[in-house]
Amino acid sequence: MTGSTSGAGRQRTPSGRAAGPRSTPQRQAKQPARKQPARKQAKAQPTSQPARTRARSQPAKAQPRATSTRLGLQAPDGPRAAPAQSRPARSRVARPLPPRPGRPETRQRWLVGIAAVVVLVFLVRLVHVQLIQGPSLAAEAEAARTATAVTPAHRGDITDANGVVLATSVDRYKVVGDPVAIEDFRGAGRVDADGRKVENGALGIAQLLAPILDEPKNELAAKLVGESRYRVLAKNVVPQVQRAIADLEIRAYIRTDLTSRRTYPSGTVAGSLVGFVDDEQAGQGGIELAYDDLLAGTPGSDTYERSLDGLRIPAAGQESVPAVPGDSIQLSLVHDIQWKAQDSIDEAKRTTGAEYGIVIVQDIRTGELVALADSGSTDPNDRTTSAVAGGSRAVKDVFDPGSTGKVVTMAAALEGGYWTPDSRFTVPYTYTTPNGQTFRDSHEHPVERLTLTGVLAQSSNTGTVQAGEKIPLQTRQDYLYKFGFGQPTGLGLPGESVGLMPPADVADWDGRTQYAVLFGQGLSVNAMQATSVFSTVANGGVRMTPTLFKGSTSPDGTTTPAEREPGKRVISEETADTLVEMMETVTGDEGTGKNAAVPGYRVAGKTGTAQMPAGNGWTYMASFIGVAPADDPRYTVSVFLKSPHSSIFGGDVAAPVFSEVMGFTLQTMDVPPSEREKRRLKTEW
């Protein structure tokens with residue numbers, strides 16, 4: 001049986017030796033079979049064939065490639081030795097299983113899953129970008145390429161009553177550089193004004209621009225270097241320079257923005273009154289600030305899309321909103337009278353050594369101011385100092401009205417029927433009131449016998465106190481308010497002070513204040529408030545609100561007159577006329593204001609000398625306020641000089657200025673001379 005089995009699957013080689021099975025790979029056939037000791041094979045094979053022959057007669061089976069004879073392991077299908085009967089059987093050694101064949105469908109499932117996850121992530125991101133972030137991203141992109149240029153509105157002019165320009169605006173330009181973009185500038189064979197090759201970058205731009213801006217090239221080049229996208233190189237550039245910059249064709253690196261510059265052709269004439277504007281053309285003082293809403297207008301805008309180099313994209317969307325120019329306003333001031341008032345008060349300040357002076361000229365019938373002048377008026381074109389921001393002292397500085405306040409007492413005395421112009425008073429140098437308060441006149445004099453008119457003409461404090469004793473305290477206070485003390489003037493100028501008044505409840509007035517207010521002490525007013533008292537009396541007892549505003553003109557030429565508040569009656573016309581006649585005696589030979597006379601015109605007025613605190617001592621405000629022509633009043637002129645050195649009395653230092661300014665005003669405004677003779681009122685008895 002053994003021989004037949006071995007012969008069935010074997011072939012003979014040419015040498016006559018038996019070969020292995022055909023299915024055995026050649027490389028395995030060459031591998032020598034694992035040899036067993038001869039003795040053991042002999043015991044394991046019971047046949048009579050020699051051990052060598054039997055071993056060869058066994059067909060060799062293919063061995064797995066993973067089997068290693070070096071490890072002492074036998075292939076699973078290899079020949080096994082027959083167990084020896086005389087020895088116990090060997091335990092089997094565990095052999096590793098052959099690797100399983102790969103499963104490509106699993107890998108395919110994993111690849112498909114990973115691809116699906118990736119696609120899903122991109123799809124979610126796409127939906128998020130397109131639907132959720134889309135509008136905001138689109139808006140950001142549009143904003144990045146969109147530029148908006150603000151078009152400044154032309155600020156309205158300020159003119160006097162006759163159209164003389166006091167303030168106007170002219171077109172100017174601001175030169176702006178983009179240092180980041182300038183880094184990419186290339187000269188590209190260009191030459192500068194000197195024929196030299198234009199360099200790249202900031203130096204090249206400076207070569208082209210420096211001669212136009214009249215600035216050293218190196219200094220300009222230094223300004224053009226940096227990480228800023230906006231650097232101002234020059235301001236207030238005139239149109240001729242702007243056109244020269246445009247001709248350089250470097251718009252992507254240097255641009256010129258239209259701006260506006262405020263100029264004041266009249267210089268110091270009404271300079272303190274007109275005010276000024278800041279760099280943004282917003283009113284910062286005087287008329288410029290008071291009427292800023294009318295003057296400013298509404299800025300426009302020009303929105304467009306631009307390329308990376310900053311140039312406008314012609315085919316892209318654009319939106320323009322035109323600027324609306326501001327209204328021009330007309331003041332009631334008359335340029336020539338304003339100039340005369342300033343010139344006169346400047347001269348008076350110089351000759352008297354005063355700290356400062358104020359002159360006001362008011363149209364009695366309308367309340368309009370024809371002039372409002374401060375000594376040392378500033379030029380708004382000169383911004384090297386802060387003086388232009390000071391404003392007018394006519395409304396911001398306050399002081400005791402002094403003897404000019406006696407007109408209010410006389411009005412209350414006449415209107416209330418307490419006294420008449422011919423009422424008689426015995427007037428000593430000093431006078432003591434029933435509550436023990438002693439008052440004195442400015443000059444020592446013997447006892448005088450004066451009428452009420454004489455008390456006013458001589459500006460007697462003691463006589464005024466006697467006249468006021470009959471007037472109730474509440475009436476005294478009421479007339480102060482009726483004439484405008486302690487209230488805004490209506491001018492609307494920045495920095496205005498309403499002054500200081502005694503306590504609102506007259507029961508709180510101290511024993512001295514109740515008499516001091518009768519001759520203009522114990523309270524403080526500004527120059528406009530004091531002037532308004534005389535204008536009210538001269539206007540037949542009707543108080544008109546002071547104003548500087550005459551009207552406005554829109555850009556299309558439409559003129560809108562100023563709205564006028566109706567006048568308020570303070571005293572009767574009869575009382576007003578009588579009081580004007582009484583004030584005429586002040587400017588006569590027997591009065592304190594004879595230096596205020598104007599040839600050809602009847603003048604009525606009142607001098608004033610008021611004490612003012614100054615540090616640890618006292619100083620004085622000398623004044624004169626008057627109206628003319630007294631027979632048909634047209635204008636009020638007031639003059640104030642603080643701390644004059646030549647004299648402290650208004651009749652000496654302020655009255656001459658009044659005469660000069662009033663005479664010029666009457667002639668300039670073509671007011672005919674007085675024709676009626678004045679009524680002679682008695683001043684003594």
Side-chain angles (χ1 to χ4, degrees), residues 364 401-428 431 441 445 447-472 475-476 478-480 482-483 515 517-520 533-543 569-594 596-597 601-608 624-633 636 651 674 676-685:
I364 290 170
S403 293
T404 59
K406 293 172 181 174
V407 173
V408 177
T409 301
M410 297 299 168
L414 295 174
E415 185 74 5
Y418 302 109
W419 306 105
T420 67
D422 296 328
S423 297
R424 300 176 178 183
F425 297 89
T426 300
V427 181
Y431 178 78
D441 283 338
H445 60 81
V447 175
E448 298 176 328
R449 298 188 299 177
L450 302 175
T451 63
L452 186 64
T453 302
V455 169
L456 183 63
Q458 294 296 321
S459 193
S460 172
N461 295 335
T462 59
T464 303
V465 170
Q466 292 181 61
E469 285 179 328
K470 269 192 175 183
I471 304 173
T475 302
R476 301 177 200 180
D478 291 345
Y479 273 87
L480 293 174
K482 284 182 180 181
F483 277 102
Y515 292 103
V517 296
L518 295 171
F519 54 89
V533 171
F534 289 76
S535 295
T536 299
V537 173
N539 194 38
V542 176
R543 181 174 180 271
R569 180 162 294 282
V570 177
I571 55 177
S572 66
E573 186 173 359
E574 181 182 358
T575 298
D577 291 343
T578 300
L579 189 51
V580 170
E581 291 178 339
M582 292 173 63
M583 289 193 297
E584 273 195 88
T585 62
V586 175
T587 61
D589 293 337
E590 66 276 28
T592 59
K594 54 181 175 292
Y601 297 90
R602 290 168 55 183
V603 175
K606 183 70 187 73
T607 56
F624 183 91
I625 308 176
V627 300
D631 50 324
D632 185 15
T636 300
S674 299
R676 291 182 296 167
E677 293 290 333
K678 70 177 181 179
R679 176 186 171 192
R680 299 282 181 177
L681 297 178
K682 293 181 179 181
T683 59
E684 297 179 348
W685 57 276

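For reference, positions follow the sequence shown, starting with 1. Since this is a predicted model, take the numbers as computed values, not measurements.
- Looking only at distances, a side-chain donor or acceptor of Thr462 sits under 3.5 Å from a matching main-chain atom of Pro428.
- Panel note: side chain Thr453, backbone Pro421; a donor-acceptor pair is recorded below 3.5 Å.
- When all heavy atoms are compared, the tightest approach of Ala630 to Val580 is O-CG1, 3.7 Å.
- No more than 12 heavy atoms of other residues, nucleotides or ligands shown are found within 6.0 angstrom of CD on Glu574.
- Checked by atom type and distance alone, the side chain of Ser459 never pairs as donor or acceptor with a backbone atom of Ser403 at under 3.5 Å.
- Between Tyr418 and Glu469, every side-chain heavy-atom pair lies at or beyond the 4.5 Å cut-off.
- Closest non-hydrogen pair, Val627 versus Ala538, comes out as CG1-CB, 3.8 Å.
- When the options Thr578, Thr575, Thr475 are evaluated for a side-chain hydrogen bond (donor to acceptor under 3.5 Å, both in side chains) with Glu415, the one that passes is Thr575.
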Could you walk me through whether Thr451 and Asp422 pass the side-chain hydrogen bond (donor to acceptor under 3.5 Å, both in side chains) test, one step at a time?
CA-CA 5 Å; Thr451 63; Asp422 296 328; 5.4 Å; no
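- Put simply, CD on Gln466 and CG on Leu450 are 9.5 Å apart, with the number rounded to the nearest 0.5 Å.
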Using the rule given for side-chain contact (heavy atoms from CB on, under 4.5 Å), can you reason through Val533 versus Val408, listing the C-alpha separation, both sets of side-chain angles and the distance that settles it, and then say yes or no?
CA-CA 8 Å; Val533 171; Val408 177; 3.9 Å; yes
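- Atom CG of Asp577 is separated from atom CG of Asp631 by 11.0 Å, given to the nearest 0.5 angstrom.
- Rounded to the nearest 0.5 Å, atoms CG (Leu414) and CE (Met582) are 5.5 Å apart.
- Scanning both residues, Ala628 and Val603, for their nearest heavy atoms gives CB-CG2, 4.2 Å.
- In this structure, the separation between CZ on Arg569 and OG1 on Thr536 is 10.5 Å, given to the nearest 0.5 Å.
- Between Thr636 and Ser535, the shortest heavy-atom distance links the atoms OG1-OG, 2.9 Å.
- Between Val447 and Thr426, some side-chain heavy-atom pair lies under the 4.5 Å cut-off.
- Side chain of Trp685 to main chain of Phe425: a donor-acceptor pair is present (N/O by atom type, distance under 3.5 Å, no hydrogens or angles).
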How far apart are the C-alpha atoms of Val427 and Val455, what are their side-chain angles, what is the distance that settles it, and do they pass the side-chain contact (heavy atoms from CB on, under 4.5 Å) test?
CA-CA 8 Å; Val427 181; Val455 169; 4.2 Å; yes
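- In terms of heavy-atom proximity, Gly593 sits nearest to Phe624 at CA-CE1, 4.1 Å.
- Here the CE atom belonging to Met410 is positioned 13.0 Å from the CD1 atom belonging to Ile571, to the nearest 0.5 angstrom.
- Checked by atom type and distance alone, the side chain of Arg602 pairs as donor or acceptor with a backbone atom of Glu677 at under 3.5 Å.
- In plain terms, the two heavy atoms of Ala576 and Gly541 that are nearest each other are CB-N, 3.5 Å.
- The structure places CG of Leu518 at 8.0 Å from OG1 of Thr464, a figure rounded to the nearest 0.5 Å.
- In this structure, the side chain of Trp419 does not engage the main chain of Leu452 through any donor-acceptor pair within 3.5 Å.
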What do the steps show when you test Thr409 against Phe519 for side-chain contact (heavy atoms from CB on, under 4.5 Å), and what is the final call?
CA-CA 7 Å; Thr409 301; Phe519 54 89; over 6 Å; no
